[in-house]
Structures are given as structure tokens and as C-alpha cells.
Amino acid sequence: MKIGVFDSGIGGLTVVKSLLEHQLFEEIIYFGDTARVPYGPKDKNTIIRYGIEAVEFFKNFELDMIIVACNSVSAYALEEMQESASCPVIGVIEPGVLATSNAVDSHSNVLVIGTKATVNSKAYENALKVLKFTNVKSKATPLFVPLVEEELFNGTILNATLRHYFENEESPDAVILGCTHFPLISDAISKYFGPNTKLIHSGDAIVEYLEKRFDFKEKYPNPKLEFFASENPEALKKIAKRWLSAK
Ligand code: DGL
């Protein structure tokens with residue numbers, strides 16, 4: 001299978017990393033809209049327009065599937081992207097919600113963290129409600145995005161930001177890392193909330209979701225990878241090299 005992975009910028013590399021670890025695809029074409037990132041503070045119509053433009057971009061490559069790594073786009077633009085694409089378009093919300101329901105029961109305290117767009121959309125909350133989850137809270141934590149982009153994966157600034165957002169939060173049973181960037185600070189988030197809080201990672205969730213729905217017959221340990229960006233593709237390629245090879 002030849003797939004496209006779309007993100008607003010570099011964060012979607014965390015999803016690519018999970019896909020590579022599980023060797024699911026023969027060819028992955030990544031497109032990061034680095035010229036217009038961040039999407040998180042933008043409104044729904046803008047995000048829908050950008051999502052449809054990404055589908056148009058991917059029409060240059062005869063893809064078997066598009067994976068929307070970006071939570072903000074998955075939350076606001078998935079249907080519109082599905083309507084304009086000629087292949088399946090899969091977002092991260094449904095996989096994340098199913099992974100949550102596999103990890104904890106429906107009475108558990110679940111905290112969703114993400115960009116303002118993702119949190120305002122209530123996409124996770126509504127999907128969890130359908131599965132009868134009763135104690136779901138969400139919180140926009142956009143400051144983590146630039147910290148991750150600066151590769152501040154630990155240390156005083158990150159710890160102060162964790163305190164800023166979570167000082168009054170009791171440790172939840174599960175935290176949905178509802179933003180592409182957050183898996184890179186999952187160790188710090190886990191340390192902050194303690195060992196009883198389960199973290200839900202979109203990349204792992206989407207792998208689990210795909211493996212249940214598609215019959216993957218072969219493994220591809222050396223897939224063909226191509227990176228495209230709407231601005232400065234060289235910078236994206238450099239980060240991809242670093243992030244995808246890190247443990
Ligand atoms: N990729 C975005 C997300 O997962 C985070 C960065 C942005 O705001 O564009 O929601």
C-alpha cells in the first residue's frame with residue numbers, strides 16, 4: 001500500500017514513526033503544511049479549506065489511503081476530506097477513542113489535551129460520550145507545541161508549563177495526547193501525573209485501528225519515504241531524520 005500522511009507541520013512525524021515501527025506500508029508520502037502551521041488557533045472553515053487542499057496535493061500520487069495525523073484537522077475536516085478524496089481518509093480521533101476504551105473503563109476520569117481547535121471541536125468528547133464515557137474533561141494546552149518544536153522535551157520550561165496547565169488537575173486515569181506533538185513529551189507528562197495514568201498516543205492507536213480493519217499480509221522493513229512541505233522542505237527532512245531515528 002502507498003499512503004499519504006498529512007499534518008499541519010512536523011508533528012505528524014510522531015504518527016509516521018509508529019507506522020514505520022510496525023512496518024505496515026510499502027511507501028509513505030508525508031506532507032506538512034509548514035507554511036501555514038499552526039492550525040490549532042485557526043477556525044473550522046480555514047482548517048477545512050486547508051484539509052481539502054491537502055487532498056488535492058495528494059491527488060498527484062495515486063494513493064491507497066490518506067492518514068490525517070493532525071488532530072485539529074481530524075477534528076474539523078475529516079468528512080470534507082473524505083468527500084473530496086478518491087481513497088479512504090482516516091483521522092486520529094476514532095482510533096484514539098477506541099484505544100482509550102480498550103485502556104480504561106467508561107467510568108474512568110479521562111483528560112483530553114490538544115490544541116484550541118481540537119478541544120473546541122469536542123470531537124473526542126462527543127465520540128467518548130457515544131461509548132458511554134461519563135467523566136471526560138478537555139483542556140487546550142497549545143504552549144506544548146512550540147516547546148516540542150524547540151525540542152524542549154524536558155527541563156524547567158516544560159515543567160513550569162506542565163504546572164501551569166495541570167496544577168489544579170487530579171491525576172486522571174487516562175490522558176489522550178490529542179496533538180501530534182505530545183508523544184514527544186509523554187515521558188514528562190507521565191512523570192507529572194504518575195504511573196497510574198495511562199497515556200493514549202495517536203500513532204499507536206492508529207496502528208491498532210488499521211491492523212484490525214485491514215489485512216496486512218506483508219511487512220515492509222524498508223519502505224520508500226518521501227517528505228513534502230509547503231515551506232522549507234529541507235528543514236522538515238532534517239527533523240524527520242532526527243525524530244524518526246530517535247529511540
Ligand atoms: N498538528 C497539530 C495537531 O495535532 C498541532 C500543531 C498545530 O497547531 O498545527 O492538532
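The structure displayed is predicted, hence computed values, not measured ones. Just so you know, ligand 1 is whichever comes first in the structure, and atom 1 is the first atom listed for that ligand. All residue numbers refer to positions in the sequence shown, counting from 1.
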Parallel, tilted or perpendicular, as decided by the 30° and 60° cut-offs, for the rings of F144 and Y165: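 Perpendicular: the ring planes of Y165 and F144 meet at over 60°.
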Ligand 1 and P38, any nitrogen or oxygen pair closer than 3.5 angstrom?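 Min N/O separation from ligand 1 is not below 3.5 Å for P38.
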Just jot down the ligand 1 atoms closer than 4.0 angstrom to any heavy atom of [X], in number order.
X   : result
D7  : 1 (N)
S8  : 1 (N), 2 (C), 6 (C), 7 (C), 9 (O)
Y39 : 7 (C), 8 (O), 9 (O)

Is the side chain of K219 donor-acceptor paired with the backbone N or O of H22 at a distance under 3.5 Å, no angle test?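 Indeed, once roles are kept as given, a pair shorter than 3.5 Å links the two residues.
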State whether the side chain of S106 and the backbone N or O of F133 hold a donor-acceptor pair below 3.5 Å, judged by distance alone.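 Side chain of S106 to backbone of F133, a donor-acceptor pair under 3.5 Å: no, none is there.
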Of all the non-hydrogen atoms in the protein, which one sits nearest to atom 2 (C) of ligand 1, and at what distance?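 For atom 2 (C) of ligand 1, the nearest protein heavy atom is C70 SG, 3.4 Å.
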Which residue holds the protein heavy atom closest to atom 8 (O) of ligand 1, what is that atom called, and what is the gap in Å?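 Checking every protein heavy atom, the shortest distance to atom 8 (O) of ligand 1 gives G40 N, 2.8 Å.
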Look at E80 together with R49 and state whether they make a salt bridge at an N to O cut-off of under 4.0 Å.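 No, E80 and R49 are not salt-bridged.
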Just let me know how V37 lines up against ligand 1, side chain, backbone, both or neither, with a heavy-atom cut-off below 4.0 Å.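 The answer is the side chain of V37.
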Using a 4.0 Å heavy-atom cut-off, which part of N71 comes near ligand 1: side chain, backbone, both, or neither?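 For N71, the contact with ligand 1 is made by both the backbone and the side chain.
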Is there a heavy atom of C179 sitting under 4.0 angstrom from any atom of ligand 1?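 C179: in contact with ligand 1 (<4.0 Å).
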Using the ring centroid of each side chain, check whether F6 and Y30 are separated by less than 6.0 Å.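 No: the rings miss the under 6.0 Å criterion.
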Could you report the tightest heavy-atom contact between S202 and V15, atom names first, then the distance?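 The answer is CB-CG2, 4.5 Å.
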What closest approach, in Å, do F216 and M1 show between heavy atoms, and which atom pair accounts for it?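 The pair with the smallest heavy-atom distance is CE2-CE, 4.3 Å.
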